[in-house]
Amino acid sequence: MNARRTDLTQARTPRGFADRGAAELAATRAMADRIRETYELWGFEEVETPFFEYTDALGKFLPDQDRPNAGVFSLQDDDEQWMSLRYDLTAPLARHVAENFQKLAKPYRSYRFGPVFRNEKPGPGRFRQFLQFDADIVGAPSVSADAEMCMMMADALEAVGVKRGDYVIKVNNRKILDGVMEAIGLGGEENAGRRLTVLRAIDKLDRLGPDGVRALLGDGRKDESGDFTKGAGLDEAGAARVLSILEAKRSTNAETAEALAAEFAATPVGAKGATELKAIADLLAAAGYDGRVSVDPSVVRGLEYYTGPVYEAELTFQIAGDDGKPIQFGSVGGGGRYDGLVGRFMAENTPATGFSIGVSRLQAALRALKGETAEASTGPVVVLAFDRDRIGDSMALAARLRAAGIKAEAYLGGSGMKAQMKYADRRKSPCVVIQGSDERDKGEVTLKDLVEGAKAAAAIADRAEWTESRPAQVTVPEARLVEEVQAILARHR
RNA sequence: GCCGCCAUAGCUCAGUUGGUUAGAGCGCUAGAUUGUGGAUCUAGAGGUCCCUGGUUCGAGCCCAGGUGGUGGUACCA
């Protein structure tokens with residue numbers, strides 16, 4: 001009967017994708033509910049966009065227009081138009097706003113939650129499908145909107161259980177860096193690539209340190225594996241000037257903003273950036289968010305499209321990993337102002353700012369913080385099946401429990417009683433209902449409390465006593481089924 | 001993308017210089033126990049030794065290419 005079959009299909013998830021079980025889904029749902037409550041409290045409304053967008057709507061931010069599958073998952077519709085799975089929630093929002101511009105009250109405050117897809121190499125804790133939770137304000141040009149975004153991000157983190165002090169929202173302004181780059185001769189369209197290289201170099205500060213960043217700003221850097229990363233090609237003075245931004249951090253937001261204003265107001269754009277940061281610092285102070293939101297010149301974000309304030313949510317607690325070394329969780333979300341994004345779809349330019357929370361990443365961090373306390377949720381009461389032809393009786397008993405609001409199921413498998421008990425055990429069933437012919441003849445049911453029973457069993461060593469004692473088990477009139485089961489459930493609440 | 005390491009049962013792994021029918025522990029299924037979770041004992045099921053090709057009388061083991069995983073690095077909208 002076991003002839004070797006060679007036609008079996010291999011059961012496997014695609015690389016970088018994962019199935020998620022009940023415990024993890026429950027944790028995700030709980031977290032999403034907290035975030036949702038926070039956003040609604042701030043007056044944001046939910047909107048959902050499809051997983052697919054036309055590739056051109058996702059935009060010029062694709063790494064290579066000629067290869068639509070690089071970075072994103074793309075396919076051609078039957079009319080030959082390219083469509084792509086969304087890689088974030090911001091580009092689809094920009095499209096939605098442009099498409100419904102007349103209908104939306106501006107400033108438009110909205111949030112959305114869902115999976116996004118990236119076609120790149122997966123790593124540990126890094127998947128090709130993951131969840132984001134975004135909030136954006138479209139149509140508010142002032143930095144008060146950016147300040148509000150930072151505050152709401154802080155509220156959201158606290159709502160999901162990150163304690164004050166265990167996180168920090170860092171905020172900076174792109175314009176300061178733009179000013180510096182302009183001053184050292186990196187202005188203009190022709191230097192866009194080098195400006196991006198500078199941004200990416202600064203983004204690596206926490207990992208590579210000042211010397212590593214300096215190398216990336218100059219000629220380039222060779223890492224331990226021998227791979228060479230080309231640098232931005234700045235001269236020594238230029239690199240020093242860029243790095244000096246990072247030293248402007250002071251102990252309070254007001255002082256940092258002032259230091260930046262004093263140092264980097266040489267160009268009009270730099271001055272504007274400093275003024276904006278000062279305004280944000282004032283708003284944060286007035287709202288009581290000092291300390292939770294911190295003005296930090298090292299935040300740049302790797303994205304090209306940000307035009308003003310940028311911010312990043314960082315978890316600051318450390319816990320030891322399996323190898324004893326501390327794990328740094330780092331960034332769990334970020335965002336910024338993208339005044340040009342909606343403008344790709346319509347002549348009217350529309351300012352916008354928003355941020356994204358990496359739900360999967362945040363969830364992983366919280367799980368590590370709290371330990372694997374995914375407390376086993378209680379399963380259903382299981383009504384055992386005695387005679388195959390009396391399954392209707394089991395189902396009727398289960399139905400009575402359900403009518404009383406108790407999770408219950410009749411055992412539908414084909415195994416014997418011992419296996420059925422094991423099944424109930426594995427389902428984390430609090431209690432089983434047994435009705436064989438003995439009970440049925442007398443109009444009774446036997447209930448076994450599995451939680452109590454497990455405790456009693458621990459003390460019993462030999463088989464005879466085990467079978468004899470039948471711990472935590474009662475036989476009651478069938479009419480009292482619901483009350484007695486409720487009593488058992490109440491014991492373990 | 002680049003560099004390194006790894007791939008044998010559901011899981012963790014052993015497997016001699018290249019030599020007969022590839023093993024262990026755990027897990028799973030069942031029996032001992034006419035109707036009871038645990039413990040104990042016993043039995044059973046479960047394998048394309050990642051794939052393809054090569055060397056050889058003979059390959060789980062050696063060689064080449066591929067695939068997948070993993071650790072760095074790059075990218076991360």
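Proteins get letters first, then strands, A, B, ... in listed order; numbering begins at 1 in each.
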- Atom CD of Gln473(A) to atom P of rG35(B): distance rounded to whole Å? 14 Å

- Indicate, yes or no, whether a donor-acceptor pair under 3.5 Å links the base of rG38(B) to the side chain of Glu465(A). no

- Item | Main-chain N/O of Ser298(A) paired to Asp296(A) side chain as donor or acceptor, under 3.5 Å | yes

- Query: Hey, what's the ring geometry for Phe17(A) with Phe117(A), parallel, tilted or perpendicular (30° and 60° as the breaks)?
  - Reply: tilted

- Item | rG38(B) to rG47(B) separation - C1' atoms, rounded to the nearest Å | 32 Å

- Can you tell which of rG35(B), rA74(B), rU36(B) lies closest to the side chain of Thr229(A)? rA74(B)

- Determine the Euclidean distance between corresponding C1' atoms of rU20(B) and rG60(B); express it in Å to zero decimal places. 15 Å

- Query: Between Ala454(A) and Gly416(A), who's closer to the 5' end of RNA chain B by nearest nucleotide?
  - Reply: Gly416(A)

- Query: Please give, in whole Å, the distance from rG37(B) C1' to Ile434(A) CD1?
  - Reply: 11 Å

- Message: Please confirm whether the shortest side-chain N or O distance from Arg426(A) to OP1 or OP2 of rG37(B) is below 4.0 Å.
- Response: no

- Grab the CZ-C1' distance between Arg301(A) and rC75(B) for me, whole Å please. 15 Å

- Message: Using the P atom as the point on both nucleotides, what is the distance between rA43(B) and rG15(B), in whole Å?
- Response: 26 Å

- Message: Quick one: does any side-chain atom of Thr350(A) pair with a main-chain N or O of Val342(A) as donor and acceptor, under 3.5 Å?
- Response: no

- Item | rG35(B) OP1/OP2 closer than 4.0 Å to side-chain N/O of Arg470(A) | no

- Quick one: look up who rU52(B) pairs with, Watson-Crick or G-U, both distances under 3.5 Å, and put none if it's unpaired. rA64(B)

- Distance, C1' atom - from rG44(B) to rG27(B), rounded to whole angstrom: 14 Å

- Which one is paired to rG47(B), where only Watson-Crick or G-U wobble pairs with both distances under 3.5 angstrom count? none

- Atom CG of Asp387(A) and atom P of rU34(B) are separated, to the nearest Å, by 16 Å

- Provide the Watson-Crick or G-U wobble partner of rC41(B), both distances under 3.5 Å; none if there is no partner. rG31(B)

- P-based separation of rG23(B) from rU48(B) [nearest Å]: 15 Å

- Query: Quick check, are the ring centers of Phe345(A) and Phe101(A) under 6.0 angstrom apart?
  - Reply: no

- Query: Between rC62(B) and rC6(B), how far is it from one P atom to the other, in whole Å?
  - Reply: 11 Å

- Query: Between Ser415(A) and Lys418(A), which has a closest nucleotide on RNA chain B that is more 5'?
  - Reply: Ser415(A)

- Message: Nearest whole Å is fine: how far is rU36(B) P from Asp449(A) CG?
- Response: 19 Å

- Task: Check step by step if side chain to side chain donor-acceptor pair (under 3.5 Å) holds for Arg470(A) and Thr446(A).
- Result: CA-CA 11 Å; Arg470(A) 297 198 174 162; Thr446(A) 294; over 6 Å; no

- Message: Looking at rC5(B), which nucleotide sits across from it as a Watson-Crick or G-U wobble partner, both distances under 3.5 angstrom, or is there none?
- Response: rG69(B)

- d(CZ, Arg15(A); P, rG66(B)) in whole Å: 15 Å

- Task: State whether the distance check finds a donor on one side and an acceptor on the other, under 3.5 Å, for side chain Lys422(A) versus base rG27(B).
- Result: no

- Taking any strand in view, what nucleotide pairs with rC11(B) in a Watson-Crick or G-U wobble way, both distances under 3.5 Å? rG25(B)

- Send over the distance from Arg126(A) CZ to rC75(B) P, rounded to a whole Å. 11 Å

- Task: Ignoring backbone atoms, establish whether Trp466(A) has a side-chain N or O less than 4.0 Å from OP1 or OP2 of rG37(B).
- Result: yes

- Paired with rG18(B) by Watson-Crick or G-U wobble geometry, both distances under 3.5 Å: which nucleotide is it? none

- Gap between atoms CD and C1', on Glu120(A) and rG1(B) respectively (whole Å): 12 Å

- Just name whichever nucleotide pairs with rG58(B), Watson-Crick or G-U, keeping both distances under 3.5 Å, else none. none

- Exam field: side chain Arg402(A) to backbone Ala408(A), donor-acceptor pair closer than 3.5 Å: yes

- Query: Rounding to the closest angstrom, what is the interatomic distance between rG18(B) and rC2(B) at atom C1'?
  - Reply: 35 Å

- Message: Can you check the distance between rU17(B) and rC61(B), where both ends of the measurement are the P atom (answer in whole Å)?
- Response: 15 Å

- So does Glu276(A) pair up with Arg337(A), basic N to acidic O under 4.0 Å? no

